Amino acid sequence: MTPKILILGAGGQIGSELTFKLRTLYGEEAVIASDINKNNLEVVNSGPFECINAKDYDGIKDCIIKYNIKKVYLMAAMLSASGEKHPLAAWDLNMTSLFNVLNLAKEGYIESIFWPSSIAVFGHTTPRHNTPQHTIMEPSTVYGISKLSGERWCEYYKEKYNIDVRSLRYPGIISWKTKPGGGTTDYAIDIFHKAILEEHYNCFLSEDTELPMMYMDDAINATIELMQASKDDISVASYNLAAISFTPKEIAATIKDLIPEFSIDYTPDFRQDIADSWPASIDDSLARKDWNWQHQFGLSDITKAMLTNLENHYKLNGV
Ligand code: NAD
């Protein structure tokens with residue numbers, strides 16, 4: 001049987017688009033999508049799909065044996081804003097799922113793993129601008145603590161057991177197909193929906209909160225390029241990854257260029273504290289050097305792509 005790919009958490013914002021792209025590259029049957037629920041019908045209907053709880057070691061193992069899975073992308077997690085509401089559940093999901101795939105690799109069931117980390121691994125004491133690959137890391141959110149711990153465990157399994165596990169510290173990912181899953185950078189998606197539907201947005205971060213962001217197409221390309229790179233070129237367990245940085249005020253101005261009636265106001269909530277603990281911009285020169293990472297989308301490209309795709313989406317759905 002030809003070796004196959006398993007995606008855990010394939011129904012989510014990034015997992016869904018990764019599923020579509022990997023199916024385009026390797027064929028529908030080569031990519032097994034899975035999630036704890038069947039809510040994302042586009043994913044469920046686009047090729048093989050299994051209901052799997054990423055916390056269920058035996059469930060993942062059975063699927064790996066059934067389909068001859070060699071590569072696993074673990075995209076199931078609880079994100080930053082949801083994690084602050086459910087700290088222990090976030091820790092449990094984020095760590096148990098990671099140990100499950102690391103141990104399945106250690107036991108010889110899988111050959112390589114992709115596991116996403118996040119800019120949430122950094123904290124108040126980290127240099128905020130052009131944050132280096134190696135620096136002070138004292139995250140203040142449960143999500144960030146789980147991602148930093150996960151990075152150390154990935155490094156440990158890599159060094160002790162020669163496990164091929166690769167990881168990226170994603171910035172905020174902007175996309176239109178699947179709604180985001182409870183993160184602090186979600187405002188940079190909500191703002192486009194509201195711009196089209198109401199020509200107004202009430203932002204939950206203050207106008208000058210600068211954060212690193214990336215368009216989904218860039219994030220998917222980075223993920224696939226990292227996994228296609230030669231093992232010898234990978235020098236760290238988890239890479240800094242960047243494209244652009246902007247504030248709510250700056251993104252609002254690019255939207256106003258295309259929708260002149262658009263207006264914005266600001267009511268920061270608990271997510272402001274989370275955002276204030278994260279970097280404003282990231283130095284990803286190691287990724288650029290090791291496996292030639294290059295982003296494509298700037299702020300005005302993202303704004304045009306988001307508005308065009310969402311306008312079509314709402315028209316098709318009769319809104
Ligand atoms: P998401 O919340 O949109 O999707 C997560 C998916 O996991 C959902 O479909 C959910 O149903 C599924 N899931 C939840 N619990 C599960 C379980 N027990 N078993 C199986 N599936 C389960 O998240 P996302 O935005 O697609 O993020 C994917 C990964 O990328 C996560 O590790 C996240 O921490 C990381 N990340 C995302 C961003 C971003 O901006 N979206 C930024 C940095 C890092």
Side-chain angles (χ1 to χ4, degrees), residues 6-21 32-44 49-60 63 72-83 86 89-101 113-122 139 141-151 154 167-190 211-216 218-220 222-223 226 238-243 271 274-275 278-279 282 302:
L6 172 64
I7 304 176
L8 295 159
Q13 190 203 351
I14 305 178
S16 56
E17 304 229 19
L18 188 62
T19 303
F20 303 140
K21 186 65 185 265
I32 317 306
S34 76
D35 204 285
I36 198 166
N37 61 55
K38 292 187 173 180
N39 293 350
N40 193 328
L41 291 179
E42 215 186 332
V43 169
V44 172
F49 181 88
E50 297 278 341
C51 254
I52 300 176
N53 184 341
K55 292 198 293 182
D56 174 12
Y57 177 89
D58 291 329
I60 305 173
C63 179
V72 175
Y73 291 75
L74 170 54
M75 309 309 285
M78 196 185 292
L79 275 68
S80 57
S82 307
H86 311 284
W91 175 258
D92 183 28
L93 171 59
N94 296 0
M95 299 315 292
T96 307
S97 58
L98 178 59
F99 277 120
N100 282 346
V101 292
I113 299 166
F114 174 78
W115 175 77
S117 184
S118 159
I119 55 165
V121 292
F122 301 115
T141 60
V142 174
Y143 176 68
I145 295 169
S146 74
K147 290 295 185 186
L148 180 55
S149 308
E151 284 192 11
C154 289
S167 172
L168 297 171
R169 292 171 183 157
Y170 286 139
I173 307 299
I174 302 176
S175 68
W176 58 273
K177 270 190 199 153
T178 302
K179 288 234 167 153
T184 302
T185 53
D186 290 3
Y187 93 84
I189 298 174
D190 297 342
L211 288 169
M213 301 276 186
M214 177 177 286
Y215 194 50
M216 180 63 84
D218 277 335
I220 298 297
T223 307
L226 174 74
S238 196
Y239 281 91
N240 274 8
L241 185 75
R271 288 167 281 194
I274 302 178
W278 289 356
I282 298 283
I302 294 175

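Because the structure is predicted, anything quoted here is derived from the model rather than measured. In each ligand, atom 1 is the first atom listed, and ligand 1 is the first ligand listed. One-based numbering along the sequence shown.
Atom 4 (O) of ligand 1 has G12 CA, 3.2 Å as its closest protein atom, hydrogens excluded (heavy atom only). Looking only at heavy atoms of the protein, atom 40 (O) of ligand 1 is closest to I173 N, 2.9 Å. For atom 19 (N) of ligand 1, the closest non-hydrogen atom of the protein is A54 N, 2.7 Å. Looking from atom 28 (C) of ligand 1 to the surrounding protein, the closest heavy atom is M75 O, 3.2 Å. Scanning the protein for heavy atoms near atom 37 (C) of ligand 1, the closest one is I14 CD1, 3.6 Å. Of the protein's non-hydrogen atoms, L79 CD1, 3.5 Å is the one closest to atom 23 (O) of ligand 1. Looking only at protein heavy atoms, the nearest one to atom 9 (O) of ligand 1 is D35 OD2, 2.7 Å.
Between the side chain of Q13 and the main chain of I173, a donor-acceptor pair closer than 3.5 Å is present.
Ligand-side atoms of ligand 1 in range of G11: 9 (O), range being under 4.0 angstrom from any heavy atom. Residue S118 has at least one heavy-atom neighbour below 4.0 Å for each of these atoms of ligand 1: 43 (C), 44 (C). Interface atoms of ligand 1 facing P171, defined by a heavy-atom separation under 4.0 Å, are 40 (O), 42 (C), 43 (C). Atoms of ligand 1 found under 4.0 Å from any heavy atom of N37, numbered from 1 in the order shown, are 11 (O). If you number the atoms of ligand 1 from 1 as listed, the ones under 4.0 Å from a heavy atom of G181 come out as 2 (O), 3 (O).
Heavy atoms of L8 stay at 4.0 angstrom or farther from ligand 1. Note on ligand 1: S34 sits outside its first shell, no heavy atom being nearer than 4.0 Å. Within the 4.0 Å heavy-atom shell around ligand 1 one does not find M78. Put simply, part of G172 is less than 4.0 Å from ligand 1, judged by heavy atoms. Judged by the shortest distance from any of its heavy atoms, I52 lies inside the 4.0 Å radius around the atoms of ligand 1. Not a single heavy atom of S97 sits closer than 4.0 Å to an atom of ligand 1. Heavy-atom distances between Y143 and ligand 1 reach below 4.0 Å in at least one pair.
Here's the thing with Q13: one of its N/O atoms is less than 3.5 angstrom from an N/O atom of ligand 1. Between A77 and ligand 1, no pair of N/O atoms sits closer than 3.5 Å. Ligand 1 has a nitrogen or oxygen under 3.5 angstrom from a nitrogen or oxygen of N53. Not one N or O of K179 is nearer than 3.5 Å to an N or O of ligand 1, by distance alone.
With contacts defined as side-chain heavy-atom distances shorter than 4.5 Å, the pair I274/Y143 does not qualify. In this structure the side chain of T178 never reaches within 4.5 angstrom of the side chain of I14, judged on heavy atoms. A 4.5 Å side-chain heavy-atom check between L6 and I60 finds at least one atom pair inside the cut-off. Taking 4.5 Å as the limit, every side-chain heavy atom of L241 sits out of range of all side-chain heavy atoms of R169. Under the 4.5 Å side-chain criterion, counting only non-hydrogen atoms from C-beta, W176 is not in contact with I189. Under the 4.5 Å side-chain criterion, counting only non-hydrogen atoms from C-beta, P139 is not in contact with K147. Contact check for I282 versus I119: side-chain heavy atoms found under the 4.5 Å cut-off. The closest side-chain heavy-atom distance from F99 to K55 is not below 4.5 Å.
When non-hydrogen atoms are compared, ligand 1 lies under 4.0 Å from the backbone of S117 (N, CA, C, O) but not from its side chain. In N39, neither the side chain nor the backbone holds a heavy atom less than 4.0 Å from any atom of ligand 1. Under 4.0 angstrom from ligand 1, the non-hydrogen atoms of L93 all belong to its side chain.
The only option from I7, V72, L8 that meets the side-chain contact (heavy atoms from CB on, under 4.5 Å) definition with S34 turns out to be L8.
Inspection of the T141 and S80 side chains reveals no N or O donor paired with an N or O acceptor under 3.5 Å.
Closest non-hydrogen pair, S117 versus E151, comes out as OG-OE2, 2.7 Å.
Of the inter-residue distances, the one linking D56 atom CG with S97 atom OG reads 12.0 Å to the nearest 0.5 angstrom.
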